[in-house]
Amino acid sequence: MSNVFISHASEDKPFVLRLAVGLLAKGIPVWLDKWSITLGDSLLDAIYDGLERSGFVVVVVSDAAIRSGWVNRELNAALAREEQTGRRFVIPIRIDDTNMPLKVADRLYANFATRGFSEALEDLARVLVSKGAADMAVLPEREVLPLRFTRLVDLDAAVLETSWKHMRRRRPDLMLSPDQIVLVEDEDYGSLRRSLHHRIDGIAQDPDYTPEVERHLKDMNDLAGRLEVVLRTGVAELLNRGKEIDAVLWFAKIIRARALYRLWTTRMIAGGLGQGWRIAALHDRKDACSFFGTDDLDLVDLWRDGHRNGYFILWLPRRDVADLLRFGTPQRYYDGLPMMMSEHIYVYPQMLAEHLCYPLKTREPVWDLAEAIIGLH
């Protein structure tokens with residue numbers, strides 16, 4: 001058995017996503033249809049397979065759920081399996097003032113309707129952990145890592161770090177696939193994406209229509225989609241290579257900020273959401289200093305020893321390249337005794353972002369910086 005299956009109505013998806021992320025951060029593996037089913041899959045087969053393979057079923061009870069034929073079928077299937085196995089694993093939770101279905105009315109439930117989310121989540125997680133949910137044997141392909149942005153471009157570091165720690169506890173040799181990383185949609189980014197789709201769909205009636213505008217909108221839509229793939233790919237790469245969480249956070253910030261700015265260009269509302277993230281392109285010192293929150297950066301080239309033609313252009317703190325500035329000749333990266341945090345805040349995030357965004361122009365990143373040479377750009 002593996003994962004906790006969350007049975008819910010589609011109308012309750014925002015709550016359920018928050019619940020799933022909260023449980024994952026507490027070390028409890030979760031199966032969610034949104035994360036596991038793709039176009040062409042049989043919805044019924046996938047859900048019943050999810051139920052069959054899951055060790056626990058959390059039923060989200062709400063007005064929408066009571067009216068949902070799917071939730072009723074899932075609950076019936078889960079209760080039938082309880083009957084067969086002689087083990088109780090169905091746990092109801094209530095999120096509004098709807099009465100519990102008679103089928104589970106005799107069971108204690110987690111009440112999210114009258115208590116704060118965090119408090120109710122603590123109780124639910126405590127029950128699941130006490131029943132062994134955190135120690136279930138999870139198939140590698142059913143492991144899921146959520147990426148949730150809390151402030152436009154900042155990943156929820158606590159959720160990321162704890163979720164990854166629990167995944168590695170269950171499987172120390174786990175190599176994460178980009179497909180196992182899920183982007184938990186935030187309201188601001190989601191509204192920009194939906195607005196862009198709406199504008200593309202209605203382009204024939206757009207008062208600002210020109211062929212150039214139409215091409216720009218479609219290009220930016222394609223680019224936003226590619227950047228989402230880049231985000232998942234880069235996060236998986238950094239974690240699989242054992243890099244610090246800070247490297248993941250800054251890499252994600254670069255990619256998400258670039259996506260936000262590109263989406264803003266499809267609306268061009270002065271001061272609108274995303275406009276300020278033009279700086280994520282890191283084109284000049286002013287932009288780079290503003291993005292990284294410092295006023296002391298210099299531009300350098302970094303390459304693998306013996307491969308000068310395949311260099312990366314990076315912004316590094318001046319304190320880390322003092323010898324390079326003083327003597328002007330290329331040196332090994334570690335000769336200047338740079339601050340260790342510079343690797344994870346500056347080097348790996350910029351290098352990987354450049355490589356994944358422009359794969360035809362760059363070589364593979366220099367993952368072992370003992371092999372790296374840096375010179376003034």
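Note that this is a predicted model, so its numbers are computed, not measured.
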Open item on the list: Under 4.0 Å between a side-chain nitrogen and a carboxylate oxygen: does that hold for Lys165 and Glu161?
Closed with: no
Side-chain contact, heavy-atom cut-off 4.5 Å: Val21 with Asp156? no
message = Taking the side chain as everything from C-beta on, heavy atoms only, tell me whether Tyr346 gets closer than 4.5 Å to Leu314.
response = no
Check whether Arg258 reaches the backbone of Ala280 with its side chain - one donor and one acceptor, N or O, closer than 3.5 Å. yes
Side-chain touch Asp208/Arg199, heavy atoms, less than 4.5 angstrom: yes
Q) Can you find a heavy atom in the side chain of Phe15 that is under 4.5 Å from one in the side chain of Phe117? A) yes
- Contact check, side chains of Arg170 and Pro29, non-hydrogen atoms, under 4.5 Å: yes
Exercise for the section: Without swapping roles, check the side chain of Asn240 against the backbone of Leu176 for a donor-acceptor pair under 3.5 Å. Expected result: yes
### Query
Does the salt bridge (charged side-chain N to carboxylate O under 4.0 Å, His left out) test come out yes or no for Asp63 and Arg67, once each step is laid out?
CA-CA 6 Å; Asp63 179 63; Arg67 292 184 281 105; 3.1 Å; yes
More than 12 heavy atoms of other residues, nucleotides or ligands under 6.0 Å from CD of Glu212: is that the case? yes
message = Within the 3.5 Å criterion, strictly below it, is a donor on Thr294 or Asp296 matched to an acceptor on the partner's side chain?
response = no
Nearest heavy-atom contact between Met100 and Val104 is SD-CG2, 4.3 Å
CD of Glu237 to NE2 of His355, rounded to nearest 0.5 Å, is 7.5 Å
Interatomic distance, OG1@Thr329 vs CG@Asp323, rounded to 0.5 Å, equals 9.0 Å
Notebook entry, point to check: Arg256 side chain to Asp154 main-chain N or O, any donor-acceptor pair under 3.5 Å?
Noted result: no
**Asked** Should we say atom CD of Glu141 is surrounded by more than 12 heavy atoms from elsewhere, each under 6.0 Å from it?
**Response** yes
When you compare the side chain of Val144 with that of Trp31, does any pair of heavy atoms fall below 4.5 Å? no
>> Under a 3.5 Å distance rule, please check whether Ser290 uses its side chain to pair with a backbone N or O of Asp287 as donor and acceptor.
In response: no
For Ile255 and Leu227 the tightest heavy-atom approach is CG2-O, 3.4 Å
**OP:** State whether a side-chain donor-acceptor pair under 3.5 Å links Lys243 with His344.
**Re:** no
Of all heavy-atom pairs linking Ala65 and Val71, the shortest is O-CB, 3.8 Å
Between the CG atom in Leu297 and the SG atom in Cys289, the distance rounded to the nearest 0.5 Å is 4.0 Å
Kindly work out whether a path of hydrophobic side-chain contacts (I/L/V/M/F/W/Y, heavy atoms less than 4.5 Å apart) joins Trp315 to Ile313. yes
Stepwise side chain to side chain contact (heavy atoms under 4.5 Å, CB included) check, Asp206 with Ile203
CA-CA 5 Å; Asp206 195 310; Ile203 191 64; 4.1 Å; yes
Heavy-atom nearest pair, Val4 first then Ser54, reads C-OG, 4.4 Å
Check for a donor-acceptor pair, side chain of Arg171 on one end and backbone N or O of Asp173 on the other, with a separation under 3.5 Å.
no
Correct closest heavy-atom pair for Pro146 and Val184 would be CB-CG2, 4.1 Å
Salt-bridge contact Arg241-Glu343 (side-chain N to carboxylate O under 4.0 Å):
no
Checklist entry - Are more than 12 heavy atoms from other residues, nucleotides or ligands located less than 6.0 Å from atom NZ of Lys103? => result yes
> Quick one: does NZ or CZ of Arg148 land under 6.0 Å from the six-membered ring centre of Tyr189, within 45 degrees of the ring axis?
Replying inline: no
The single option from Val60, Val61, Ile95 that satisfies side-chain contact (heavy atoms from CB on, under 4.5 Å) with Phe112 is Ile95
| When you measure from the side chain of Ser7 to the backbone N and O of Val59, does any donor-acceptor pair fall under 3.5 Å? | no
- Message: Side chains of Asn221 and Arg193 only: does a donor on one sit below 3.5 Å from an acceptor on the other?
- Response: yes
side-chain contact (heavy atoms from CB on, under 4.5 Å) test vs Ile28 passes for just one of Leu23, Asn3, Leu124, namely Leu23
Would you say CZ of Arg304 has more than 12 non-hydrogen atoms from neighbouring residues, nucleotides or ligands within 6.0 angstrom? yes
**OP:** Treating Ile, Leu, Val, Met, Phe, Trp and Tyr as nodes and any side-chain heavy-atom pair under 4.5 angstrom as an edge, say whether Phe251 and Val229 lie in one connected cluster.
**Re:** no
Under 4.5 Å between side-chain heavy atoms, hopping through other hydrophobics if needed: is there a path connecting Leu139 to Phe5? no
Validation row: Trp277, Lys253 side chains within 4.5 angstrom (heavy atoms): yes
Smallest heavy-atom separation, Leu145 atom then Ser163 atom, equals CD1-CB, 3.7 Å
### Message
Determine whether Asp179 and Arg232 satisfy the following criterion, salt bridge (charged side-chain N to carboxylate O under 4.0 Å, His left out), listing intermediate values before the conclusion.
### Response
CA-CA 8 Å; Asp179 292 336; Arg232 292 195 299 269; 5.4 Å; no
Original post:
When you look at Arg107 and Glu82, which way does the salt bridge (charged side-chain N to carboxylate O under 4.0 Å, His left out) test go after all the steps?
Top reply: CA-CA 14 Å; Arg107 304 192 184 199; Glu82 277 194 345; 2.6 Å; yes
Point to revise | Min side-chain heavy-atom separation Trp250-Val347 under 4.5 Å | key: no
Would Asp135 and Arg169 count as a salt bridge (charged side-chain N to carboxylate O under 4.0 Å, His left out) here? Give the steps. CA-CA 10 Å; Asp135 299 318; Arg169 174 181 59 81; 3.7 Å; yes
